[in-house]
Amino acid sequence: MNTKYIFVTGGVVSGLGKGITAASLGRLLKNRGYKVTIQKFDPYINVDPGTMNPYEHGEVFVTDDGAETDLDLGHYERFINENLTKNSSITMGRIYSNVIEKERKGDYLGKTVQVIPHITNEIKSKIYGFEDSDTDIVITEIGGTVGDIEGLSIIEAIRQVGLEKNPEDVVYIHVTLLPYIFGSNEIKSKPTQHSVKELQSFGIKPDILVCRTEQEIPETIREKLSLFCNVRKTSVIQNKTADCLYAVPLMLEEEGLAREVCNHLKLDKCIPDNSRWEKMVEKIRNIDKEKVVNIGIVGKYVKLEDSYISVIESLYHAGFANDVSVKVKLIDSETISSDNVKSKLEGLQGIVVPGGFGNRGIEGKIETIKYVRENKIPFLGICLGMQMAVTEFARNVLGLKDANSAEIDKNTTNPVIHIMEEQIGIDKKGGTMRLGAYPCVIKDGTLAKEMYGKNEISERHRHRYEYNNSYKERLEEAGLICSGTSPNGTLVEIVELDRQKHPYFIAGQFHPELKSRPNKPAPLFVGLVKAAKNL
């Protein structure tokens with residue numbers, strides 16, 4: 001079978017759910033027996049999202065191979081249950097950087113380098129890059145909205161793909177908005193008409209419209225969209241707000257999205273097996289709404305929920321596994337002090353202190369960790385959260401009052417977290433940062449072993465600073481157990497308190513949320529919610 005290509009574009013406004021649409025379609029096609037992968041093209045000029053403020057772009061999602069990517073890749077992985085790679089997240093900054101590098105090396109033999117064909121060819125090489133793999137279908141989401149000046153070369157490139165490949169091997173899906181005007185009590189189709197007209201002006205005729213709406217689409221509107229947008233009526237797909245994020249694939253299945261895609265691509269395997277996904281969604285829906293566990297996320301980017309989207313989703317996954325609804329409260333660590341920490345955390349049965357960079361809000365995180373440690377509130381520290389757990393313990397149990405991370409205070413006389421001069425046995429994948437998946441060996445008889453159920457795991461990292469082994473003996477003697485390390489024992493990966501002294505206190509240098517799935521939740525989150533449930 002030839003590799004099939006699906007392109008998902010967006011119009012009218014951003015934030016309509018192109019990523020969820022692409023991820024849901026990936027799940028539906030996978031349930032038909034196809035090998036599916038998803039990639040995202042972002043039109044901005046940053047080489048990757050790694051240096052972008054979380055308030056600008058939400059969280060940075062990290063893949064096994066160490067790529068810092070768009071948060072939509074998290075949705076892709078959670079829905080299709082595939083580990084994606086750096087080839088699944090491409091920015092125009094990366095494309096321009098590659099082209100300029102080739103030009104400097106003389107690869108273009110002195111030709112004048114232009115958007116067409118050099119930039120578009122570079123984009124197409126990323127799209128066609130899966131042809132040598134066992135992938136059957138490549139779903140490509142185009143970031144932004146049609147007409148954005150930064151994304152015009154991407155639109156041109158995917159137009160060329162439609163020209164170069166057989167008509168039955170390419171399908172264009174356009175996600176658009178059908179606003180409801182309450183004053184006149186009607187759905188308006190004109191924004192979608194204009195958006196499709198804009199897309200057509202660039203040479204692309206959408207095959208399928210996915211219409212984001214809060215109301216049922218009347219037949220008259222479907223007919224109007226079909227006529228004015230030159231799309232078959234059966235290919236006008238309604239996408240309403242679902243009661244559960246993971247029910248979206250089933251909703252779109254019912255609306256006929258996958259059926260239309262199969263027809264356009266002339267796919268043989270058109271009958272889905274959605275039974276396992278249906279069972280999972282039914283289980284989620286049947287959770288007793290009265291069984292609620294309140295978990296706080298104490299972080300520094302709480303003004304934008306997307307900054308912690310994978311952490312939040314992982315907590316929901318853990319709730320599914322424990323048959324409870326998890327209610328998440330975001331708390332700004334900058335607002336926490338020793339005077340108000342009790343009131344700030346009141347009513348919460350568990351606390352997550354997530355990752356981050358820089359010194360803003362650090363003391364609030366440390367006060368939080370001190371409070372949950374002393375008051376036996378279930379706690380999970382992630383990356384910077386783990387480092388602050390070590391710092392808090394060194395300060396308040398060992399009595400090293402100026403203990404700190406060298407990232408936060410370069411002049412501290414007790415840098416319990418530091419940059420190691422030599423990371424023995426570690427292949428650095430991203431400059432000075434440890435990025436991507438690394439193995440971790442877990443000690444027997446520990447909470448970590450109980451949670452993971454095995455002695456060696458692999459988790460994804462994104463950090464520069466490490467646990468300072470010079471303090472390891474003293475910290476362990478005082479009760480902060482190093483329960484997970486790199487295989488050679490050089491790097492401390494997990495710290496915890498004895499279960500006899502605390503119901504659940506554990507922290508990892510890695511980001512367990514990045515590998516959590518709705519039907520396979522991250523063990524450390526499952527343990528946190530279980531402990532919170534049992535309080």
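Sequence positions, counted from 1, serve as the residue numbers for this chain.
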Peer 1: Are more than 12 heavy atoms from other residues, nucleotides or ligands located less than 6.0 Å from atom NZ of K327?
Peer 2: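 Counting neighbours around NZ of K327, 12 or fewer heavy atoms of other residues, nucleotides or ligands fall under 6.0 Å, so no.
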
Peer 1: Kindly determine whether R434 and R464 satisfy side chain to side chain contact (heavy atoms under 4.5 Å, CB included), including the steps that lead there.
Peer 2: CA-CA 6 Å; R434 191 145 66 101; R464 289 188 177 89; over 6 Å; no

Peer 1: Provide the closest heavy-atom pair for K533 versus N322 in the form atom of the first, atom of the second, distance.
Peer 2: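 Minimum heavy-atom contact is NZ-O, 2.8 Å.
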
Peer 1: Please report the closest heavy-atom contact between P512 and A522, naming both atoms and the distance.
Peer 2: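 In this case the closest contact between P512 and A522 is O-CB, 3.5 Å.
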
Peer 1: For R285 versus K289, what's the shortest heavy-atom pair and its separation?
Peer 2: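 In this case the closest contact between R285 and K289 is O-NZ, 3.4 Å.
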
Peer 1: For the residue pair R78 and Y76, would you count it as a cation-pi contact if the rule is NZ or CZ under 6.0 angstrom from the ring centre and within 45 degrees of the ring axis?
Peer 2: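 Because its charged atom misses either the 6.0 Å distance or the 45° angle limit, R78 does not stack over Y76.
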
Peer 1: Under a 3.5 Å distance rule, please check whether T135 uses its side chain to pair with a backbone N or O of I137 as donor and acceptor.
Peer 2: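 No, the answer is negative, given that no donor and acceptor are paired below the 3.5 Å cut-off.
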
Peer 1: Would one find more than 12 heavy atoms of other residues, nucleotides or ligands at under 6.0 Å from atom CD of E374?
Peer 2: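 Counting other residues, nucleotides and ligands, CD of E374 exceeds 12 neighbours.
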
Peer 1: Inspect the surroundings of NZ in K530 and state if more than 12 heavy atoms from other residues, nucleotides or ligands are less than 6.0 Å away.
Peer 2: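 Open.
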
Peer 1: Evaluate the side-chain proximity of R276 to N519: yes if any heavy-atom separation is below 4.5 Å, no if none is.
Peer 2: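 With C-beta onward as the side chain, the pair stays apart.
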
Peer 1: Using 30° and 60° as the class limits, which term best fits the ring planes of F320 and Y246: parallel, tilted or perpendicular?
Peer 2: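 Perpendicular.
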
Peer 1: Would you check if V353 and I369 make a side-chain contact, meaning some heavy-atom pair closer than 4.5 Å?
Peer 2: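 Yes, close enough: below the 4.5 Å cut-off.
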
Peer 1: V210 and side chain to side chain contact (heavy atoms under 4.5 Å, CB included): which single residue from L16, L25, T21 fits?
Peer 2: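 Going through L16, L25, T21 one by one, the side chain to side chain contact (heavy atoms under 4.5 Å, CB included) with V210 is satisfied by T21 alone.
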
Peer 1: Apply salt bridge (charged side-chain N to carboxylate O under 4.0 Å, His left out) to residues R499 and E450 and explain how you reach the verdict.
Peer 2: CA-CA 11 Å; R499 286 295 286 275; E450 182 184 335; 3.2 Å; yes

Peer 1: Ignoring hydrogens and geometry, is there a side-chain-to-backbone donor-acceptor pair from S88 to I38 under 3.5 Å?
Peer 2: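 Side chain of S88 to backbone of I38, a donor-acceptor pair under 3.5 Å: yes, one is there.
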
Peer 1: May I ask you to check whether H418 and Y471 place their ring centres under 6.0 Å from each other?
Peer 2: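 Ring centres of H418 and Y471 not closer than 6.0 Å.
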
Peer 1: Is there a donor-acceptor pair under 3.5 Å between the side chain of D148 and the backbone N or O of G144?
Peer 2: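 Between the backbone of G144 and the side chain of D148 there is no qualifying donor-acceptor contact (under 3.5 Å).
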
Peer 1: Under the criterion side chain to side chain contact (heavy atoms under 4.5 Å, CB included), which of T69, I312, L71, V311 is the partner of E59?
Peer 2: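 In the set T69, I312, L71, V311, the residue that makes a side chain to side chain contact (heavy atoms under 4.5 Å, CB included) with E59 is L71.
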
Peer 1: Measure the shortest side-chain to side-chain distance between P415 and Y465 over non-hydrogen atoms and say whether it is less than 4.5 angstrom.
Peer 2: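 No, every pair of side-chain atoms sits at 4.5 Å or beyond.
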
Peer 1: Begin from the C-alpha positions of K40 and D72 and carry the test salt bridge (charged side-chain N to carboxylate O under 4.0 Å, His left out) through to its verdict.
Peer 2: CA-CA 8 Å; K40 172 83 178 285; D72 272 327; 2.9 Å; yes

Peer 1: Pair E214, K240 - check salt bridge (charged side-chain N to carboxylate O under 4.0 Å, His left out), show working.
Peer 2: CA-CA 5 Å; E214 297 299 322; K240 288 180 67 178; over 6 Å; no

Peer 1: With salt bridge (charged side-chain N to carboxylate O under 4.0 Å, His left out) as the test, would you mind laying out the steps for K449 and D444 before giving the verdict?
Peer 2: CA-CA 6 Å; K449 175 64 183 294; D444 286 329; 2.8 Å; yes

Peer 1: Can you confirm whether more than 12 heavy atoms, excluding those of E456, are under 6.0 Å from its CD atom?
Peer 2: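 Yes, the 6.0 Å shell around CD holds more than 12 heavy atoms from other groups.
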
Peer 1: With side chains defined as the heavy atoms from C-beta onward, is the minimum distance between C482 and Y467 less than 4.5 Å?
Peer 2: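 When only atoms from C-beta onward are counted, Y467 and C482 do touch, with a gap below 4.5 Å.
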
Peer 1: Report, as yes or no, whether the 6.0 Å neighbourhood of atom NZ on K454 holds more than 12 heavy atoms from other residues, nucleotides or ligands.
Peer 2: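 For K454, atom NZ is not crowded (no more than 12 foreign heavy atoms under 6.0 Å).
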
Peer 1: Any donor and acceptor pair, going by atom type alone, linking the side chain of N294 with main-chain N or O of V326 inside 3.5 Å?
Peer 2: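 Answer holds: no.
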
Peer 1: Any donor-acceptor pair under 3.5 Å linking the side chain of R460 with the backbone of G436?
Peer 2: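 Answer holds: no.
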
Peer 1: So for atom NZ, which belongs to K283, do other residues, nucleotides or ligands contribute more than 12 heavy atoms lying within a distance under 6.0 Å?
Peer 2: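 Correct, the count exceeds 12.
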
Peer 1: Just by modelled atom types, is the Y44 backbone N or O under 3.5 Å from a matching donor or acceptor in the D42 side chain?
Peer 2: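 Between the backbone of Y44 and the side chain of D42 there is no qualifying donor-acceptor contact (under 3.5 Å).
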
Peer 1: Do V328 and L315 pass the side chain to side chain contact (heavy atoms under 4.5 Å, CB included) test, and can you show the C-alpha distance, the side-chain angles, and the key distance before you say yes or no?
Peer 2: CA-CA 8 Å; V328 175; L315 287 167; 3.9 Å; yes

Peer 1: Using 30° and 60° as the class boundaries, would you call the ring planes of W277 and F79 parallel, tilted or perpendicular?
Peer 2: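 Taking F79 first and then W277, their aromatic rings sit tilted (interplane angle of 30° to 60°).
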
Peer 1: Under a 3.5 Å distance rule, please check whether D65 uses its side chain to pair with a backbone N or O of K86 as donor and acceptor.
Peer 2: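 Flag set: sc D65 to bb K86 pair under 3.5 Å.
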
Peer 1: I'd like to know if the side chain of D332 reaches the main chain of E334, judged simply by a donor and an acceptor atom lying under 3.5 Å from each other, with no hydrogens or angles considered.
Peer 2: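 Yes, D332 side chain to E334 backbone: donor-acceptor pair under 3.5 Å.
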
Peer 1: Less than 6.0 Å separating the ring centroids of F357 and H463?
Peer 2: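 Ring-ring flag for F357/H463: false, centres at least 6.0 Å apart.
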
Peer 1: Is there a side chain to side chain contact (heavy atoms under 4.5 Å, CB included) between I362 and L384 once you walk through the steps?
Peer 2: CA-CA 9 Å; I362 287 299; L384 181 63; 3.8 Å; yes

